[in-house]
Amino acid sequence: QVQLVESGGGLVQPGGSLRLSCAASGSIFSMYIMGWYRQAPGKQRELVARISSGGSPYYVDSVKGRFTISRDNAKNTVYLQMNSLKPEDTAVYFCRARSGDGDYIGSWGQGTQVTVSS
């Protein structure tokens with residue numbers, strides 16, 4: 001089991017930047033794939049980025065070139081640097097751990113709200 005707490009969201013104008021943090025505890029963080037997900041109003045939750053235990057990233061096309069996922073295993077933390085934000089990025093952002101078999105670890109938390117508006 002791993003416990004995750006998201007932070008760093010807020011209100012930002014289009015073109016602005018935010019850095020989200022996900023602090024983990026309760027398990028061996030370095031063993032897991034870590035993902036950032038988001039849920040926009042009235043929409044289903046979707047994956048936006050993930051990073052392997054070795055640090056290899058993946059991004060969905062809509063955020064590629066604008067978002068950067070990273071992890072610091074020594075600090076049990078995963079980050080999402082979001083640049084050139086668009087109104088379409090408005091959502092609650094969640095982090096989640098996955099095992100090497102692809103199973104989710106633990107439960108969804110409360111997430112952190114990102115609002116991009118002029």
- Query: Would a hydrophobic clustering, with Ile, Leu, Val, Met, Phe, Trp and Tyr connected at side-chain separations under 4.5 Å, put Y79 with V12?
  - Reply: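 In one cluster: no.
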If you compare all heavy atoms of [X] against all heavy atoms of [Y], which two are closest, and at what distance to 0.1 Å?
| X | Y | answer |
| --- | --- | --- |
| G106 | R96 | O-NH2, 2.6 Å |
| R66 | D89 | NH1-OD2, 2.8 Å |
| S117 | L11 | CB-CD1, 4.4 Å |

- Message: Enumerate the ring pair (Phe, Tyr, Trp, His ring centres under 6.0 Å) contacts for residues 36-59, please, sequence neighbours excluded, ordered by first and then second residue.
- Response: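 Output for this query lists Y37-W108.
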[X] side chain near [Y] side chain, heavy-atom distance below 4.5 Å:
| X | Y | answer |
| --- | --- | --- |
| S118 | Q13 | no |
| F94 | E6 | yes |
| F67 | V60 | no |
| M82 | L80 | yes |

Spatial distance of atom [atom1] ([X]) from atom [atom2] ([Y]) [nearest 0.5 Å]:
| X | Y | atom1 | atom2 | answer |
| --- | --- | --- | --- | --- |
| I69 | Q81 | CD1 | CD | 12.0 Å |
| T68 | N83 | OG1 | CG | 6.5 Å |
| L4 | S25 | CG | OG | 7.5 Å |
| N73 | M31 | CG | CE | 12.0 Å |
| I33 | S99 | CD1 | OG | 7.0 Å |
| S30 | N76 | OG | CG | 8.0 Å |

With [X], which residues qualify under side-chain hydrogen bond (donor to acceptor under 3.5 Å, both in side chains), at least two apart?
| X | answer |
| --- | --- |
| Q113 | T115 |
| S84 | none |
| D61 | K64 |

- Message: Determine whether a donor-acceptor pair (N or O, by modelled atom type, separation under 3.5 Å) exists between the side chain of T112 and the backbone of G9.
- Response: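 Judged by distance alone, yes, a pair lies under 3.5 Å.
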- Query: If only atom types and distance count, is the side chain of R98 paired as donor or acceptor with the main-chain N or O of S52 below 3.5 Å?
  - Reply: no
- Begin from the C-alpha positions of M34 and R71 and carry the test side chain to side chain contact (heavy atoms under 4.5 Å, CB included) through to its verdict. CA-CA 8 Å; M34 297 298 299; R71 66 193 299 161; 3.7 Å; yes
- Message: Tell me every residue that passes ring pair (Phe, Tyr, Trp, His ring centres under 6.0 Å) with Y93, counting only those two or more places apart in sequence or in another chain.
- Response: none
- Task: Check the side chains of D72 and T77 for a donor-acceptor pair under 3.5 angstrom, ignoring hydrogens and angles.
- Result: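 No, because no side-chain N or O of T77 sits under 3.5 Å from a partner of the opposite role on D72.
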- Given side chain to side chain contact (heavy atoms under 4.5 Å, CB included), test V114 with L18 step by step and report yes or no. CA-CA 9 Å; V114 172; L18 287 171; 3.9 Å; yes
When the side chains of residues 40-51 are checked against the rest of the protein, which donor-acceptor pairs come out under 3.5 Å, sequence neighbours left out?
from, atom 1, to, atom 2, distance (Å)
E46, OE2, R38, NE, 3.0

